[in-house]
Structures are given as structure tokens and as C-alpha cells.
Asks: 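Handing you this structure, nothing more for now.
Keep in mind it's a predicted model, so treat the numbers as computed, not measured.
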Amino acid sequence: MSQAQTAASTAFSLRQDGLRLRLSRVVFVLAALFLWSLVLQAPLRYGLARSHLDALIYLPKLLLLVAVVVLPLLRPRASPPALMVSVLAGVYLAWGMVNLPSLAQAAFGLWVLVPLLFGLWAGPVARPNQWRRLFIALFCVSAAGVFLNPLIHFPWSGQMLDLFGRSIEVSRQWTTFALERYAGFARASFSAASQLLLFGVMLVFLLKRRSAKLLVWLVAGAGIVLTTSKGLLGAWLLVSMYFFGGGLLRWSRYWIRLWLGVLMLIFLAMILVPLSTLWMHYDLTLHGYASRFLLASFGDRLDWTWPDSLHLLNLGGSWHWWVGRGLGGIGAAQQYFEPARYLAADNLFVYVAVFVGLPVAVFLFSALWWRIVRLSLSGQAVAWRLPVILVLVAYGVVVNVVEGGLLAFFLGMALSADLKYNAVKANA
């Protein structure tokens with residue numbers, strides 16, 4: 001290579017690095033705005049409603065949508081998951097517009113996917129290992145809201161507002177077997193619990209002192225108990241075993257392989273158990289307060305939520321099992337545009353399968369599993385990726401994940417994070 005060619009190549013690399021650095025800063029700002037809007041969702045909605053500026057609550061997510069459009073134009077190379085999911089989103093958006101009762105229903109289905117798409121496209125340029133202060137602040141505020149909630153009645157608890165002709169919940173006030181489910185500053189208790197868990201996972205890797213890591217993790221667990229979010233408490237216990245066992249074994253490669261096996265079993269449960277409800281009736285008879293508290297909602301999923309959600313694919317013809325209903329065919333979009341048929345899926349595989357049909361859903365989850373295995377066994381693997389995926393997949397057995405903005409954002413980041421720029425040593 002001539003001297004001129006070398007100089008040109010060096011200049012090009014410098015420009016690329018400069019672009020990446022600028023994009024990483026923009027991604028940080030957008031992500032920070034979005035995450036703060038989630039952590040302080042209830043007081044922000046309450047305050048904006050009183051000022052008649054209700055719609056401003058959607059500004060951070062709208063900025064993410066703009067970024068989803070712009071980032072592919074600025075990035076010369078994208079991660080495979082970002083390309084695959086974006087293409088499928090476009091295809092099934094078009095199909096939903098043709099197949100569903102209204103164009104708006106399919107468009108709302110795309111709106112729901114914005115945090116996931118942003119995470120997928122932002123992952124290769126984001127540098128979460130430099131977001132330590134942001135995660136500390138978010139975790140502390142989220143924890144403060146949950147722990148203050150039993151002592152203080154927040155004015156936004158149980159409040160509703162009217163927006164765009166729809167009744168919108170400011171913050172859910174509810175109980176489980178007479179136990180108050182505390183949401184703190186979030187819109188719902190499970191939202192606060194997911195914030196504590198995911199920010200806690202990140203801080204376990206980003207904090208240097210072991211005592212600080214342990215404190216954060218125990219505070220996260222205690223906060224999740226106050227929210228009575230059983231699925232997230234189970235995920236916290238699962239990842240606790242991953243952390244403490246990994247610490248004892250000094251993150252042996254065999255330990256990672258063991259947990260990839262555990263992850264595979266969770267994937268299989270996520271797919272096979274809901275599908276089995278199509279031809280099996282589970283008679284989950286519960287006796288006693290403890291069993292009803294722990295398993296009543298799971299019994300509802302077995303009894304009607306999962307089979308009824310899958311049977312949405314029978315609407316308009318059984319061929320929907322092959323091609324799906326399109327974006328907006330289940331979940332939040334139904335709640336606003338098809339309320340008589342509204343179902344939340346309460347399972348990540350079921351949610352995706354109703355969108356795209358069973359064959360494509362099985363392919364997507366197989367591809368997801370294979371990518372996790374490859375990246376987790378890489379010598380440069382991002383250390384926080386596997387525990388984040390463990391949280392999301394374990395919780396995805398009982399929740400659709402995609403409609404939780406924080407969950408979807410972290411899923412996208414975990415699947416597309418760049419090895420070179422995002423590696424964080426496993427110093428937990």
C-alpha cells in the first residue's frame with residue numbers, strides 16, 4: 001500500500017471513529033431522557049396533566065423514533081438483529097395495515113416497538129460502561145420512590161387522565177391478596193421492579209467495590225419484594241445464583257456454558273408451555289393463601305390468557321397461524337382499537353407469534369438463542385449481556401416484555417451491543 005493510500009485509510013478511520021463518538025454521545029442523551037421519563041413517569045404525567053401539557057410525556061419516545069429513522073442512515077454497518085427486526089417490522093406493519101380493522105392499530109403496533117428498535121440500532125455505538133453515574137442516579141431515584149411509597153401517599157396514585165380521547169392511567173393503585181403493590185414514581189409496581197432489577201444488574205458490573213455491588217443488589221431485591229412482582233422476584237433470585245456462583249468460580253467458562261443451558265430450558269418453557277395449552281387443560285387447584293398468592297396468576301395464564309391469545313390467530317381463517325395478524329394484532333394496540341378482543345399475551349413468544357405467525361416466531365427465537373450463545377462464548381463478550389438476557393427471558397415466560405419500554409430497550413441493547421466498544425470485565 002502506498003503512503004498516500006495509507007494516509008487516506010488513516011483519515012477515513014479517524015472520521016469513522018469521530019462519527020462513532022458523536023453518535024455515542026447523542027445516543028447517551030436520548031437514552032438518558034427516555035430512561036428518566038420512565039423512572040419519573042407518574043409524577044411527570046401528573047404534573048404535565050395539571051399544566052395541560054399531557055402530550056409532552058411522549059416527547060422522549062418520539063425522539064427515539066426519529067433516531068430509529070436517522071441512525072441507519074449514519075451507520076455504515078448495522079448489527080444483524082437490528083436489520084432483521086427492522087425488516088420484519090416493516091413487512092408486518094404493512095400486513096397489519098391490510099389485515100387489521102384499522103391502519104392506526106398497525107401504526108400503534110410499530111409505536112410500541114420503538115424502544116426495542118432504538119436499542120437495536122443504538123447498541124453498536126452506545127457505551128453503557130460509561131453510563132455508571134446515570135445508572136446510579138436512576139437506581140437511587142427508583143428505589144427512593146418504592147421505599148417512600150409505604151410511608152407517603154403520592155398524589156398521582158390511582159389517578160387517570162384523558163388524552164387524545166382516551167382514558168390513560170397515571171399510576172396504577174392496586175393490591176394482590178390485600179397486599180399493596182407499591183409503584184413509587186413509576187406508572188405501575190412491575191415497572192418500578194423492572195427498573196430496580198435492570199439498573200441493579202448494570203451496577204453490579206459497573207461499580208468497583210464489592211460492598212457497593214452487594215448493597216445495590218440487596219436493595220434491588222428488597223424493592224422488588226415491596227412491589228410484589230413475583231415474576232421479577234423470580235428473575236432476581238435466578239440472577240443472584242448466577243452472580244454468586246460466578247463469583248465463587250471466578251466466572252469460569254464452564255459456568256457461562258452451564259447458564260446457557262439454563263437459558264435454553266427457559267426458552268423451551270416459554271415456547272412449549274403456552275403451546276401445550278392448545279390441546280391440554282391444566283387443572284391447577286390451589287389450596288392455602290401461599291399457593292394462591294404465588295401461583296394464581298400463573299393458573300390464569302394456563303387456563304385462558306395463553307390459549308385465548310393464541311386463538312386470535314383463528315380470526316379470519318386458520319391460515320393466520322402461518323402468517324400472523326401483523327403489528328398491532330395483540331396487546332396495547334388492541335386495547336385502544338380492538339378492545340373487545342384485547343389480550344396482553346403475558347408471554348414473549350405468544351406475543352411475537354400472534355404478530356408474525358408460528359413458523360417465523362420459532363425461527364426468530366432460534367436465531368435469538370444462537371446469537372446469545374455465540375456472543376456469550378466470545379472472548380470479548382460484553383459481561384452484562386448474559387444476566388440481562390437471563391432477566392428478560394425468565395420474565396418473558398409470564399410477560400410480553402416488548403411493551404415494557406425499559407425491558408425492550410435493554411433487550412435491543414443486549415442483542416446488538418458492540419464487542420469492541422462495550423466490553424466490561426466481569427468484576428462482580
Asks: Taking Ser309 for the side chain and Thr305 for the main chain, is one N or O donor matched with an acceptor at less than 3.5 Å?
Replies: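 The answer is yes, because a donor-acceptor pair under 3.5 Å joins these two groups.
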Asks: Is there a donor-acceptor pair under 3.5 Å between the side chain of Thr277 and the backbone N or O of Val273?
Replies: no
Asks: Can you measure from CD (Gln41) to CZ (Arg187) and round to the nearest 0.5 angstrom?
Replies: 5.5 Å
Asks: Which value, rounded to the nearest 0.5 Å, describes the distance between Leu116 atom CG and Leu64 atom CG?
Replies: 11.5 Å
Asks: Would you say the side-chain atoms of Ser142 pair up with the backbone N or O of Phe139, donor to acceptor, closer than 3.5 Å?
Replies: no
Asks: Whether the side chain of Glu338 engages the backbone of Ser102 through a donor-acceptor N/O pair (distance < 3.5 Å, no angle test) should be reported.
Replies: no
Asks: Can you find a pair of side-chain heavy atoms, one from Leu386 and one from Leu263, that are under 4.5 Å apart?
Replies: yes
Asks: Spell out, as yes or no, whether a donor-acceptor pair under 3.5 Å connects the side chain of Ser416 to the backbone of Leu120.
Replies: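 Yes: the side chain of Ser416 pairs with the backbone of Leu120.
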Asks: Output yes when a side-chain donor or acceptor of Trp321 lies under 3.5 Å from a complementary backbone atom of Leu310, and no otherwise.
Replies: no
Asks: Does the gap between the ring centers of Phe243 and Phe205 come in under 6.0 Å?
Replies: yes
Asks: If the plane angle is over 60° it's perpendicular, under 30° parallel, otherwise tilted; pick one for Trp319 and Trp95.
Replies: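 Geometry flag for Trp95 against Trp319: tilted rings.
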Asks: For a quick test of reading the model, state the closest non-hydrogen atom pair linking Trp306 to Asn347 and the distance between them.
Replies: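 What the structure gives for the nearest pair is NE1-CB, 3.4 Å.
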Asks: Ring-plane angle category for Trp131 and Phe409, please: parallel below 30°, perpendicular beyond 60°, tilted otherwise.
Replies: parallel
Asks: Determine whether a donor-acceptor pair (N or O, by modelled atom type, separation under 3.5 Å) exists between the side chain of Glu403 and the backbone of Ala332.
Replies: yes
Asks: Got a donor-acceptor contact below 3.5 angstrom from the Ser194 side chain to the Ser191 backbone?
Replies: yes
Asks: Under the side chain to side chain contact (heavy atoms under 4.5 Å, CB included) test against Phe118, which residue among Val27, Val66, Leu65 passes?
Replies: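 Result for side chain to side chain contact (heavy atoms under 4.5 Å, CB included) with Phe118: Val27.
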Asks: So Phe199 and Val216, do their side chains get closer than 4.5 Å, heavy atoms only?
Replies: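 No. Closest side-chain heavy atoms not under 4.5 Å.
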Asks: Can you give me every donor-acceptor pair (side chain of residues 389-396, partner residue at least two apart or in another chain, under 3.5 Å) with its distance?
Replies:
none

Asks: Ignoring hydrogens and angles, tell me if any N or O in the side chain of His320 forms a donor-acceptor pair with the backbone of Leu315 under 3.5 Å.
Replies: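 Indeed, once roles are kept as given, a pair shorter than 3.5 Å links the two residues.
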Asks: Does Arg325 use its side chain to pair, donor to acceptor, with the backbone of Val354 at less than 3.5 Å?
Replies: no
